[in-house]
Amino acid sequence: NALECSERKRARPPFELCEVCRRAEMSAENARVRVLVRARPPADGSDPAQTLKVDADHPGLVNMRTPSADGGEIIEREFLFDDALNVEASQKDVFEKSCKPQVDHVLDGFNACLFAYGQTGAGKTYTVFGGEGESRGLVPRAVEYLFSSMEKRSQQKKFSCFVSFLEIYLDKLRDLAKPSADVDPAENKPGSGKSSRPGTATSRKSEKEAATSGAGPEDLEIRENNEGKVYVQDLTSVPVSSAAQVNEVLKAGLARRQTYQTLMNEQSSRSHTIVTLTVVAETPGQQAVTGKLNLVDLAGCERLKRSGAGDAESGVGDAQLRAKEAVLINKSLSILGTVVMALSKGDGGYVPYRDSKLTRLLQDSLGGSSYSALVASIHPRAVDAEESLNTLQFANRCKTVMTQPHVNYLDADAESQARVIEKLMKEIAGLKDELTVQNDFYQEKLKGMQGEEPSGPSSSLPPGAAPSAPSSSPAAAFASGGGGGGGGGGPEEGGEGEGKGAGSRGTSRSSRRVATGE
């Protein structure tokens, strides 16, 4: 029951651990993807409670009201998430409840990820990037909190920080953190569409023209290193020492991000973006650790009929290109849903990460060694009820996905490498000694069994010995730890003869099991 689960969550007693114990405990346990639902104010001024109700008395409890398939009765559905914020929630509230814990994990040497999901126009980009002042989004607030936390710990640790910024547009990877001097001047032309930002999709050449001229959007390659970690080859990683430097990189990148006006959104994001903050922490006398924070703004799913993409008479500029963008966005989000569904089963089955570049890049964040969180953005108005329900159902599956976070240690200096090598060499030497002992033991066993095998019908049985009598000899040999050499007899037979008819191999195995059990 959703209410009972909520009460149990609230009744949990708080406790605190020291840094070392907390890090060890976090490395030993799996983590679940945390989910927060955020509702934006309806654009038509309607009452959001008619579609979505957030229960203030039970944190995380969401009630969704949608019309039935025939448009008759209203169907109510309940969902329970880690937290839910109504339309009155501030940007600070969203950061405190969703992103701040992720930054703390990164400072402790873990990887973390937060991604915003929802339909187009639901407020994802506003949540992630925001505006100025109090309307700042998760990314600038995370950067500020990160550098203030590093400053507080600077007496005990030495920190280094790097930032990268990329987008997936038309299924191609583009580097948004690349210095402007290295960017094709064509990419900085103002967009020709209404209310468009610089770098809008309409300022690009068509794909055919780009192929002819050799220009157009770049397409970086996704690679995998020897440790199985996925990375983007040649992606710019900018060293930064202050929040202001990070904000400059983000500002320049956002100016080149693909956006355009549609019927559903004045500034619709036509690409997925990933901001990555990498932190390296060095403590004297200890191994250095590194943490990576991925902040993902997913492009919104949309219906072509409602957005006007593909319809030249809708008034949307370059409608065919808008349609192509929407199809690729919807396809990548559909694959993301398939990946989440496979992970939510928890049976270790096949997960189609490689079916899209988005899921390939988020592979570690979704089912790897990362603390992950989802902000599900909802537009609570009747016309968007079906899309809002789809978003909540996706979020409900995400909360069952488990990851395995662990601390990322760096062995950069020669002394640390020497310690690791010495430890591994000792382990190898121990394994070799154990292998030698095991080999000698089984060689002796094999010689004993071969020595007891009869060489012929009358072989070397002692006179008057019954053929069936020696069947107990192998059992006695196994029970005593296995006879050695060729004198296979036990003490009761006086050690006479070379093998006393050991019987079949099946009998020998049975005897060995019985002796082991005793």
Are any of the side-chain heavy atoms of [X] and [Y] separated by less than 4.5 Å?
X	Y	answer
Ile378	Leu392	yes
Leu298	Leu358	yes
Leu85	Val94	yes
Val87	Pro380	yes
Leu366	Val401	no
Leu114	Ser98	yes
Leu295	Phe165	no
Leu107	Met150	yes

Inset, instruction - Measure up the His105 and Phe110 rings against each other and bin them: parallel (under 30°), tilted (30 to 60°), perpendicular (over 60°). - result: perpendicular

Atom of [X], atom of [Y] and distance for their closest heavy-atom approach:
X	Y	value
Leu138	Cys99	CD2-CB, 4.1 Å
Val316	Gln261	CG1-O, 3.8 Å
Val128	Ala116	CG2-CB, 3.7 Å
Arg397	Thr400	O-OG1, 2.7 Å
Asp171	Leu328	N-CD1, 4.2 Å
Leu293	Cys113	CD1-N, 4.4 Å

Counting only N and O atoms by type, is there a donor-acceptor contact under 3.5 Å from the side chain of [X] to the main-chain atoms of [Y]?
X	Y	value
Asn63	Lys53	no
Thr359	Tyr353	yes
Ser372	Ser365	yes
Thr403	Gly367	no
Thr391	Glu387	yes
Arg257	Ser269	no
Ser314	Asp311	yes
Asp175	Leu235	no
Glu325	Ser271	no
Ser148	Tyr145	yes

Straight-line distance of [X] [atom1] to [Y] [atom2], nearest 0.5 Å:
X	Y	atom1	atom2	value
Met64	Leu389	CE	CG	6.0 Å
Ile168	Ile329	CD1	CD1	10.5 Å
Leu336	Phe394	CG	CZ	4.0 Å
Gln119	Arg303	CD	CZ	9.0 Å
Tyr126	Gln91	OH	CD	4.0 Å
Glu282	Phe159	CD	CZ	10.0 Å

Inset, instruction - Only pairs at least two apart or in different chains count here, so list each side chain to side chain donor-acceptor pair (under 3.5 Å) that has a residue in residues 326-335. - result: His272-Ser332

Legend entry - Audit row: Lys97, Arg38, side chain to side chain contact (heavy atoms under 4.5 Å, CB included) steps and yes/no: CA-CA 11 Å; Lys97 293 178 179 291; Arg38 185 190 193 184; over 6 Å; no

Please indicate whether [X] has more than 12 foreign heavy atoms, meaning atoms of other residues, nucleotides or ligands, lying under 6.0 Å from its [atom1].
X	atom1	value
Glu76	CD	yes
Arg77	CZ	yes
Glu96	CD	yes

Inset, instruction - Return the set of residues passing salt bridge (Lys or Arg N to Asp or Glu O under 4.0 Å) with Lys345 (not counting sequence neighbours), or none when no residue passes. - result: none

Any ion pair linking [Y] and [X] (charged N to carboxylate O, less than 4.0 Å)?
X	Y	result
Arg141	Glu144	no
Asp234	Lys178	no
Glu302	Arg270	yes
Arg32	Asp82	yes
Asp47	Arg65	no

Legend entry - Positive for side chain to side chain contact (heavy atoms under 4.5 Å, CB included) with Val35, one of Asp83, Leu374, Leu80: Leu374

Legend entry - Contacts of type side chain to side chain contact (heavy atoms under 4.5 Å, CB included), residue Glu132, not counting sequence neighbours: none

Between [X] and [Y], do the side chains contain an N or O donor and an N or O acceptor separated by less than 3.5 Å?
X	Y	result
Thr262	Asn265	no
Thr125	Asp297	yes
Arg40	Ser377	no

Inset, instruction - For Ser369 and Lys229, run side chain to side chain contact (heavy atoms under 4.5 Å, CB included): C-alpha distance rounded to whole Å, both residues' side-chain angles, the deciding distance at 0.1 Å, then the answer. - result: CA-CA 10 Å; Ser369 59; Lys229 300 296 183 181; 3.3 Å; yes

Inset, instruction - Please say which of Lys172, Arg174, Lys357 ends up in a salt bridge (charged side-chain N to carboxylate O under 4.0 Å, His left out) with Asp219. - result: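 Checked Lys172, Arg174, Lys357 against Asp219; only one passes salt bridge (charged side-chain N to carboxylate O under 4.0 Å, His left out): Lys357.
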
Inset, instruction - Give the intermediate values and the outcome of side chain to side chain contact (heavy atoms under 4.5 Å, CB included) for residues Gln393 and Phe79. - result: CA-CA 9 Å; Gln393 290 173 336; Phe79 298 90; 4.3 Å; yes

